[in-house]
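Numbering of residues begins at 1 and proceeds along the displayed sequence.
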Amino acid sequence: MSSELDSLAEDFQQYFKVEHRIAINVIPLSTPLPSEADFTAAIPEPFLLAGNVGQLNMNALRSLQRVGELAEELANYLQQQAKKLDLLLHYVLQQQDVAAYRHHTQSYGGAGLTFKTDRAMPALQAVEVKLFLADNAGAVFCFGQVLSAEQTTDGYLIKVVFKLIRDEDRELLVRASLQQQARQLKLKAEQR
């Protein structure tokens with residue numbers, strides 16, 4: 001168990017994390033982590049759709065760079081259409097948010113997240129995780145394992161390491177955490 005926890009701790013440190021509050025669902029599993037095939041089959045359709053829409057938007061905007069002088073107008077039009085889709089998708093994804101399992105992160109990044117709760121969770125506990133990124137930036141479905149549950153004055157700080165996550169979703173979390181850090185640094189600079 002010790003070497004497994006050491007490995008989890010190492011995984012948890014692999015990516016930058018930003019302190020930021022986003023809504024999450026964390027559902028403890030009574031079984032071990034699923035296989036890769038079972039993980040892929042378990043991803044709810046709205047989460048697959050969210051990832052595909054984001055990728056399509058980026059690809060469409062990249063291809064416009066080669067069009068020429070009308071590219072800017074076309075890009076603006078496509079961005080407006082993408083915003084409409086994002087709003088609709090955000091609504092659909094909110095239907096996946098189950099109040100009984102809702103928490104808010106203290107920090108998150110490409111490797112895992114931390115959140116506070118009133119109940120301890122055992123180390124290595126397998127969990128299903130849904131992350132709902134702020135500003136309609138998307139949502140991520142993955143499976144993780146609890147690294148630790150540190151007692152605090154108002155509950156427990158739980159650290160979760162992502163164990164089964166799509167590459168594009170990890171990339172989305174890395175981008176979102178870096179963008180959030182940039183916003184925080186800009187705000188600090190303005191406050192000086």
Item to check | Any residue meeting side-chain hydrogen bond (donor to acceptor under 3.5 Å, both in side chains) with Asp38, in chain and number order, not counting sequence neighbours | outcome: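 Only Ser35 meet the side-chain hydrogen bond (donor to acceptor under 3.5 Å, both in side chains) criterion with Asp38.
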Item to check | Set of residues satisfying side-chain hydrogen bond (donor to acceptor under 3.5 Å, both in side chains) with respect to Arg170, sequence neighbours excluded | outcome: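 Residues passing side-chain hydrogen bond (donor to acceptor under 3.5 Å, both in side chains) with Arg170: none at all.
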Side-chain donor-acceptor distances from residues 144-152 under 3.5 Å, at least two apart:
unit_1: Gln145; atom_1: NE2; unit_2: Leu124; atom_2: O; d: 3.2
unit_1: Thr152; atom_1: OG1; unit_2: Asp154; atom_2: N; d: 3.4
unit_1: Thr152; atom_1: OG1; unit_2: Asp154; atom_2: OD1; d: 3.0
unit_1: Thr152; atom_1: OG1; unit_2: Gly155; atom_2: N; d: 3.3
unit_1: Thr152; atom_1: OG1; unit_2: Gly155; atom_2: O; d: 3.1

When rounded to the nearest 0.5 angstrom, what distance separates [atom1] in [X] from [atom2] in [Y]?
X	Y	atom1	atom2	value
Gln180	Lys17	CD	NZ	15.5 Å
Asp11	Gln13	CG	CD	10.0 Å
Phe12	Phe162	CZ	CZ	8.5 Å
Leu172	Arg166	CG	CZ	9.5 Å
Leu49	Ile43	CG	CD1	13.0 Å
Gln94	Leu89	CD	CG	10.5 Å

Item to check | ring pair (Phe, Tyr, Trp, His ring centres under 6.0 Å) involving Phe115 - partner list, sequence neighbours excluded | outcome: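 Only His103 meet the ring pair (Phe, Tyr, Trp, His ring centres under 6.0 Å) criterion with Phe115.
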[X] side chain to [Y] backbone, donor-acceptor under 3.5 Å:
X	Y	result
Thr105	His20	yes
Gln184	Glu19	yes
Ser7	Ser3	no
Gln96	Val92	no
Ser107	Val18	no

Next on the checklist: For a 4.5 angstrom cut-off between non-hydrogen side-chain atoms, does Phe143 reach Val127?
Outcome noted: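 No, too far: nothing below the 4.5 Å cut-off.
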Next on the checklist: If you define the side chain from C-beta out and look only at heavy atoms, does anything of Lys163 sit under 4.5 Å from Leu8?
Outcome noted: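 Yes - at least one pair of side-chain heavy atoms lies under 4.5 Å apart.
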Checklist entry - Which atoms form the tightest heavy-atom contact between Pro32 and Ala126, and what is the distance? => result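 Smallest interatomic distance, heavy atoms only, reads C-CB, 4.2 Å.
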Next on the checklist: Can you confirm whether Phe16 is buried at CZ, in the sense that more than 12 heavy atoms of other residues, nucleotides or ligands lie under 6.0 Å from that atom?
Outcome noted: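 Correct, the count exceeds 12.
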Next on the checklist: For Asn25, give me all partners under side-chain contact (heavy atoms from CB on, under 4.5 Å), at least two apart in sequence or on another chain.
Outcome noted: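 If we apply the side-chain contact (heavy atoms from CB on, under 4.5 Å) test to Asn25, skipping adjacent residues, the hits are Asp97, Val98, Tyr101, Arg102, Lys130, Phe132.
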Item to check | Transitive ILVMFWY cluster of Leu187, excluding itself - 4.5 Å side-chain cut-off | outcome: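 In the cluster with Leu187 there is nothing else; it is isolated.
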Next on the checklist: As a quick check of understanding, evaluate side chain to side chain contact (heavy atoms under 4.5 Å, CB included) for Tyr15 and Val174, giving each step before the final call.
Outcome noted: CA-CA 8 Å; Tyr15 291 88; Val174 168; 3.6 Å; yes
